[in-house]
Amino acid sequence: MTSNFLHQLRACAKSKNHFMGKKLHAQIIKAGLDQWGILPNNLIDMYGKCGLLQEALHLFEELPQRDPVSWASILTAYNQANLPHQTLSIFPNMFAIDGLQSDNFIFATLVKACSSLAAVNLGKQVHAQFILSSFPDDDVVKSSLVDFYAKCRLLGDARQVFDSIFWKNSVCWTAMTYGYARNGRNLEAIELLRMMPVKDLFSWTALISGLVQSGDDIHALRLFIEMRKEGIEIRDPFVLSSIVGASANLAALDLGKQIHCLIVAFGYESSVFVSNALVDMYAKCSDILAARDVFNKIDKRDVVSWTSIIVGAAQHGQAEEALSLFDEMVLTGLKPNKVTFVGLIYACSHVGLIDKGRYLFDSMIKDYGIKPSLQHYTCLLDLLSRSGHLDEAENLIKTMPFEPDEPTWAALLSACKQHGNSQMGVRIANNLLSLKPQDPSIYILLSNTYAGAGMWHMVSKVRKQMAVMDFKKEPGYSWVELGKEGQVFYAGEASNKNRDEILGLLKHLDMEMRKRGYIPDTSLVLQDLEHLEK
DNA sequence: ACCACCGCAA
């Protein structure tokens with residue numbers, strides 16, 4: 001009888017079927033077994049896994065006799081509910097109230113909580129306690145430590161633990177690979193995957209998504225193709241949403257459409273993660289209608305769905321559309337988050353809706369209790385400075401509760417240039433120069449500012465500093481796709497096979513533009529060029 | 001009986 005209950009509880013936990021779980025719980029109570037043996041712990045575990053934290057907690061608190069298994073179950077429930085702070089804050093009661101000792105299961109949950117918080121020092125303390133415990137060789141705890149160090153970007157430490165694992169399974173292998181990939185150590189990540197004895201969907205997904213997160217979309221795509229060739233069955237949609245993200249970053253519309261087909265073929269259209277990624281992909285590829293189409297077909301839109309379409313509209317200069325989408329979203333009862341507001345203020349900034357932008361910034365704080373991040377201040381600053389409210393912008397940069405970073409100063413500086421305020425421009429340039437920026441484009445901006453103010457000695461100072469820093473500037477490029485071929489164009493390139501045709505077209509376009517009253521802005525070209533060449 | 005690895009928006 002009881003073993004039957006145990007079996008069924010485990011099945012509910014595995015399938016997250018809370019309906020069945022509650023029914024079983026009722027039967028267990030009716031049979032008078034709800035405090036019998038290990039059944040209470042199993043009930044706690046079942047409720048936790050089914051996402052019913054309150055029920056789990058209730059049973060946990062009612063338990064007359066708690067053991068480490070009860071604790072492991074409730075701590076896991078907190079982790080599962082994405083409340084790692086709670087995991088760590090109730091854990092000390094295990095000693096203080098129940099007088100119990102940690103076991104290896106508890107260690108693993110604590111490490112996991114630390115890794116989702118990237119709590120470096122706390123995690124290291126747990127690691128130390130683990131080494132001193134009576135089971136310092138537990139491979140599962142070591143796996144969780146690999147993940148912890150990798151998430152804290154301490155790859156050397158992660159690797160050290162990884163190497164100490166005797167029986168390496170796919171979990172620790174995946175954690176290590178993902179750690180390398182998302183920290184930009186792409187070649188090491190790929191090499192590690194190649195060394196993996198048995199690669200499953202998890203490992204491939206971890207590597208591919210890590211590569212996308214670190215910006216290596218090309219490698220991500222290649223590996224996705226390789227994974228397909230290996231015949232790995234795509235039994236969950238994780239990797240698909242990553243690879244849609246890669247197409248979005250590459251603005252590769254045809255590729256994105258192919259992936260979309262694959263998604264339909266595999267039956268993952270209804271995954272909200274996948275749909276959100278598709279909305280973003282179509283928007284980034286400038287097919288805003290397709291983005292809208294996918295968005296409209298999402299059954300249960302979440303904040304990310306709305307934010308994706310709002311940002312998409314904003315990026316295409318459709319500020320009014322973005323704002324009315326926002327109103328619609330609020331009407332459905334969803335709460336916008338900080339990313340939504342980045343999109344909204346960005347939208348206002350790009351069409352000069354200054355008052356609306358200011359209003360949204362305040363509303364974010366007052367109505368939604370969101371603390372503005374540096375990014376929000378940067379958006380607001382952009383809004384003010386683009387529209388020529390330079391003094392207000394400078395005041396903001398000085399009074400905001402963040403140390404402005406280089407791009408922030410650069411945004412203000414470029415607005416000074418735009419609005420011809422060279423006095424403020426020079427002031428800000430001096431400030432920025434003293435920060436010794438790393439980005440070559442900032443030096444160009446600095447040089448242009450000083451040149452605009454006729455401060456030629458400063459221009460040469462900037463040039464010298466640039467020379468010392470030995471920048472290797474990547475040439476700008478763009479591309480078009482012709483059938484299956486991609487044709488890449490680099491700035492200043494002179495050897496394209498269709499060169500004459502292209503130059504002819506450019507000349508024609510230039511003439512058309514001038515006819516319609518366009519006056520090219522050559523003020524930023526400061527080399528000694530002939531007028532026409534500028 | 002209880003633990004660890006992968007997904008979307010800036």
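Protein chains get the first letters and strands the later ones, always in sequence-line order, with residue 1 at the start of each.
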Subject >> Strand-adjacent residues in residues 309-316 of chain A, judged by heavy atoms under 4.0 Å from DNA chain B >> reply: A/Val311

Name the atoms and distances for all side-chain donor-acceptor pairs under 3.5 Å in residues 318-326 of chain A, with sequence neighbours left out.
{"residue": "A/Glu321", "atom": "OE2", "partner": "A/Arg292", "partner atom": "NH1", "Å": "2.5"}
{"residue": "A/Ser324", "atom": "OG", "partner": "A/Glu321", "partner atom": "O", "Å": "3.3"}

Under 3.5 Å, sequence neighbours excluded: what are the donor-acceptor pairs made by side chains of residues 190-199 of chain A?
{"residue": "A/Arg194", "atom": "NH1", "partner": "A/Glu226", "partner atom": "OE2", "Å": "2.7"}
{"residue": "A/Arg194", "atom": "NH2", "partner": "A/Glu226", "partner atom": "OE1", "Å": "3.2"}
{"residue": "A/Lys199", "atom": "NZ", "partner": "A/Met196", "partner atom": "O", "Å": "3.3"}

Subject >> Contacting residues from residues 165-181 of chain A, given that a heavy atom lies under 4.0 angstrom of DNA chain B >> reply: A/Asn169, A/Ser170, A/Val171, A/Thr174, A/Tyr178

**OP:** Considering only heavy atoms of chain A and a distance under 4.0 Å, specify the first and last nucleotide of DNA chain B in 5' to 3' order that meet this criterion.
**Re:** B/dA1 to B/dA10

Original post:
Between A/Tyr47 and A/His58, is the ring centre distance below 6.0 Å?
Top reply: no

**OP:** Output every pair passing ring-ring contact (aromatic ring centres under 6.0 Å, His included) with a member in residues 160-215 of chain A, not counting sequence neighbours, ordered by first then second residue.
**Re:** A/Phe162-A/Trp173

Subject >> Other residues, nucleotides, ligands: >12 heavy atoms within 6.0 Å of A/Gln101 CD >> reply: no

Subject >> Of all pairs that satisfy side-chain hydrogen bond (donor to acceptor under 3.5 Å, both in side chains), the ones with a partner from residues 237-252 of chain A, not counting sequence neighbours >> reply: A/Asp217-A/Asn249

Original post:
How would you list, by chain and number, every residue that makes a salt bridge (charged side-chain N to carboxylate O under 4.0 Å, His left out) with A/Lys338, sequence neighbours excluded?
Top reply: none

Original post:
Quick one: are A/Asp67 and A/Ser70 in side-chain contact, heavy atoms under 4.5 Å?
Top reply: yes

**OP:** Please work out if A/Leu6 contacts a base, only the sugar-phosphate, or nothing of the nucleic acid, heavy-atom cut-off 4.0 Å.
**Re:** nothing

Original post:
Would you find more than 12 non-hydrogen atoms of other residues, nucleotides or ligands less than 6.0 Å from A/Tyr368 atom OH?
Top reply: yes

**OP:** Check every strand shown and say whether A/Thr307 touches a base, only sugar-phosphate, or nothing at a heavy-atom separation below 4.0 Å.
**Re:** base

Original post:
Excluding sequence neighbours, so at least two apart, what forms side-chain contact (heavy atoms from CB on, under 4.5 Å) with A/Ile97?
Top reply: A/Arg66, A/Asn93

Atom pairs and distances, side-chain donor-acceptor, residues 124-136 of chain A, under 3.5 Å, sequence neighbours left out:
{"residue": "A/His127", "atom": "ND1", "partner": "A/Tyr149", "partner atom": "OH", "Å": "2.7"}
{"residue": "A/Ser133", "atom": "OG", "partner": "A/Phe130", "partner atom": "O", "Å": "2.6"}
{"residue": "A/Ser133", "atom": "OG", "partner": "A/Phe135", "partner atom": "N", "Å": "3.3"}

**OP:** Would you mind classifying the nucleic acid contact of A/Ser271 as base, sugar-phosphate or nothing, using non-hydrogen atoms under 4.0 angstrom?
**Re:** base

**OP:** Identify whether any heavy atom of A/Gln213 sits under 4.0 Å from a base atom; if not, whether one sits that close to sugar-phosphate; answer base, sugar-phosphate or nothing.
**Re:** sugar-phosphate

**OP:** Have a look at A/Asp67 and say if it touches a base, only the backbone sugar-phosphate, or nothing, with a 4.0 Å heavy-atom cut-off.
**Re:** base

Original post:
So do the side chains of A/Ser143 and A/Asn169 get within less than 4.5 Å of each other, counting heavy atoms only?
Top reply: yes

Original post:
Contact class for A/Asp45 (heavy atom, under 4.0 Å): base, sugar-phosphate, or nothing?
Top reply: sugar-phosphate

**OP:** Check DNA chain B against residues 107-117 of chain A and give the residues with a non-hydrogen atom under 4.0 Å, in numerical order.
**Re:** A/Ala108, A/Thr109, A/Lys112

**OP:** Please work out if A/Asp302 contacts a base, only the sugar-phosphate, or nothing of the nucleic acid, heavy-atom cut-off 4.0 Å.
**Re:** nothing

Original post:
For residues 66-90 of chain A, which residue pairs qualify under ring-ring contact (aromatic ring centres under 6.0 Å, His included), counting only residues two or more places apart or in two chains?
Top reply: A/Phe60-A/Trp71

**OP:** Remember a base hit wins even if backbone is also touched, and classify A/Asn104 as base, sugar-phosphate or nothing at under 4.0 Å, heavy atoms.
**Re:** base

